[in-house]
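All values below were derived from every heavy atom in this structure, side-chain atoms included, with hydrogens, water molecules and symmetry-related copies excluded. So that the names make sense, note that chain A is the first sequence line, chain B the second, and so on, each numbered from 1.
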2 protein chains.
Amino acid sequence: MITPRFDILGQAISDASRTQMLCELMEGRAYTNKELAAAAGVTPQTASAHLRLLQDAGLVVAEKRGRCVYHRLAGAEVAHALEQLAAIAPADSLHRAQQRKAGGLAQLRSCYDHLAGPLAVAMTRAFLDRGMLVEEQGAFRAVPAGEWLKLGVVLPEKTGRQPFARPCLDWTERKLHVAGPMGRQILDHTLASGWVKRRKHKRGLLLSAPGRAALEQILDLRCGALAAA
Amino acid sequence: MITPRFDILGQAISDASRTQMLCELMEGRAYTNKELAAAAGVTPQTASAHLRLLQDAGLVVAEKRGRCVYHRLAGAEVAHALEQLAAIAPADSLHRAQQRKAGGLAQLRSCYDHLAGPLAVAMTRAFLDRGMLVEEQGAFRAVPAGEWLKLGVVLPEKTGRQPFARPCLDWTERKLHVAGPMGRQILDHTLASGWVKRRKHKRGLLLSAPGRAALEQILDLRCGALAAA
DNA sequence: AAAACCCTTCGCCGCGCGCCGAACTGTTCC
DNA sequence: GGAACAGTTCGGCGCGCGGCGAAGGGTTTT
């Protein structure tokens, strides 16, 4: 009987503590055991067991540096598959509502290797509205435009086998934003140019004043309300 | 803290019996409780509990007809998400080997709503080799050709938002074959024209003599060895 | 060297859940 | 009506696993 080892993966993500950790890791950064333990609300030794399991399932990789062990998602495919799962996850409106009420997730955050959150959705909306991006065949096709250069995006000469700009469904918004190589380039550029900064001890990203100005100048995107963080 | 309800889905697919059932349902057909119980190797009352859980998770829908209850996957998104999961599932070579040894899965079978298995992979290979299909941007683009009509495929006039021919990673082969609307059209046509037939009490599909002849004539596909079933 | 810190391993507890046998409801067929 | 069958509910058993406290390597700091 054919049975892809769903059960191993399912086992890995069937526990609330582990899902919490995975969500944390979806930020794309590497986290220590202790950090993930705190995120899941369990003791370090329990987190250690969970992480070993996630590692065995191939979802997470660990790297030892000094006395700390840094855990990271095993790859973009893992992040992508988890996104797919989130897309069919039952809508938990109550859960989502209370999360908003509690200040919730930042307006801007990283989703593995690209920008996510309401602001990322708004940016993608702007790309589509301005004709810089076209959605077809379930993928995004980038249209050459001067704006891309200003955003630090270098378009490939020819379309490759892998999608350059992949649509990614936002968890909280249930709307599309840009993932894939293009998403990575945008994140890299906005970080490098100081448009967005990583927050110290909180999740999410922060849009700086220059960043706000740049988005308004390049995309005519008014994000005054969004940047109130 | 943001946490898409991975845990509900994970819970649903974390059990071997349930994964077995889901794999059965990936055929695309509807199955009764008893059939799924047999497939998973458990008693009907146990299967009943599992199916209720899968239903609550939104993965499966049930339809009562007479004294039987027919269970089906909740939709194409579910099938797609499961495929994605299978793509990152740890390779279980031992498992796969023993499955081949045991006669394994048919050379041809249905994967939710399209053809799958080695023969489907070979067909896709032929499409690509003959230039009828081009892989780009992570999607398949169909090139107008007379062969398509002979296969019962009607190409859309303009590219839509959803991919017409979506690549689907085969569980057993780990190679691509055609899913999406095109895949559905191909499956429908091959069934309607009697090229392939559903087996009575066994899983998988059977390639008929006319079907073999048609594939050889249209695609120059020699599938003598493949059809030995 | 000692202290502080991060992580892991071990042992134990308790809940949860998968499983089945038995009994019950509802439908179909004779 | 009665028999046969599909499915579900209930009760009880037993394993598995998530959780923590305690103890044991390893690394960094003082």
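Contact check for B:Gln11 versus B:Asp56: no side-chain heavy atoms found under the 4.5 Å cut-off. At a threshold of 4.5 Å between non-hydrogen side-chain atoms, the residues B:His177 and B:His114 count as touching. Under the 4.5 Å side-chain criterion, counting only non-hydrogen atoms from C-beta, B:Leu119 is in contact with B:Leu221.
Phosphate contact (OP1/OP2 of C:dG18, side-chain N/O of B:Arg18, threshold under 4.0 Å): present. Applying the 4.0 Å criterion to OP1 and OP2 of D:dG19, one finds that A:His50 has a side-chain N or O inside that range. Remark: A:Ser48 is not in phosphate contact with C:dC7, judged by side-chain N or O atoms under 4.0 Å from OP1 or OP2. Taking only side-chain nitrogens and oxygens, A:Thr46 never comes nearer than 4.0 Å to OP1 or OP2 of D:dG19. Listed pair B:Ser17 / C:dC19 meets the phosphate criterion, a side-chain N or O lying under 4.0 Å from OP1 or OP2. Taking 4.0 angstrom as the limit, A:Thr32 places none of its side-chain polar atoms (N or O) nearer than this to OP1 or OP2 of C:dC6.
In summary, B:Arg198 and B:Glu27 do not engage in a salt bridge, as defined by a charged side-chain N under 4.0 Å from a carboxylate O.
Nearest-nucleotide mapping onto DNA chain D: of A:Ser14 and A:Arg67, the residue sitting toward the 5' end is A:Ser14. Summary of the strand contacts: A:Cys68 and A:Arg52 both lie near DNA chain C, and taking for each the nucleotide with the nearest heavy atom, the more 5' one is attributed to A:Cys68.
Note that CG of B:Leu22 and CG of B:Leu82 are 6.0 Å apart. Values are rounded to the nearest 0.5 Å. Note: B:Thr19 OG1 to B:Leu25 CG = 11.5 Å, rounded to the nearest 0.5 Å.
Note: CD (B:Gln55) to P (D:dG7) measures 13 Å, nearest angstrom. Between B:Lys64 atom NZ and D:dA6 atom C1' the separation is 9 Å, expressed in whole Å. Straight-line distance from the CG atom of A:Leu51 to the P atom of D:dG19: 12 Å, rounded to whole Å. Distance A:Leu54 CG to C:dT8 C1': 16 Å, rounded to the nearest Å. The CG atom of A:Leu36 sits 13 Å away from the C1' atom of C:dC6 (whole-angstrom rounding). Separating the CG atom of B:Asn33 from the P atom of C:dT27 is a distance of 16 Å, rounded to the nearest angstrom. Whole-Å rounding puts the A:Leu53 CG to C:dT9 P distance at 13 Å. D:dG19 atom C1' lies 12 Å from atom CE of A:Met21, rounded to whole Å.
Of the candidate nucleotides D:dC17, C:dG18, D:dG19, D:dG19 has the atom nearest to the side chain of A:Asp15. Nearest to the side chain of A:Val42, among C:dC20, C:dG18, D:dG19, sits D:dG19. The side chain of B:Lys34 lies closest to D:dG7, out of C:dT8, C:dC20, D:dG7.
Across all strands shown, A:Gln11 has heavy atoms under 4.0 Å from sugar-phosphate atoms exclusively, and none from any base.
For B:Gln45 against C:dG21, a side-chain N or O and a base N or O form a donor-acceptor pair under 3.5 Å.
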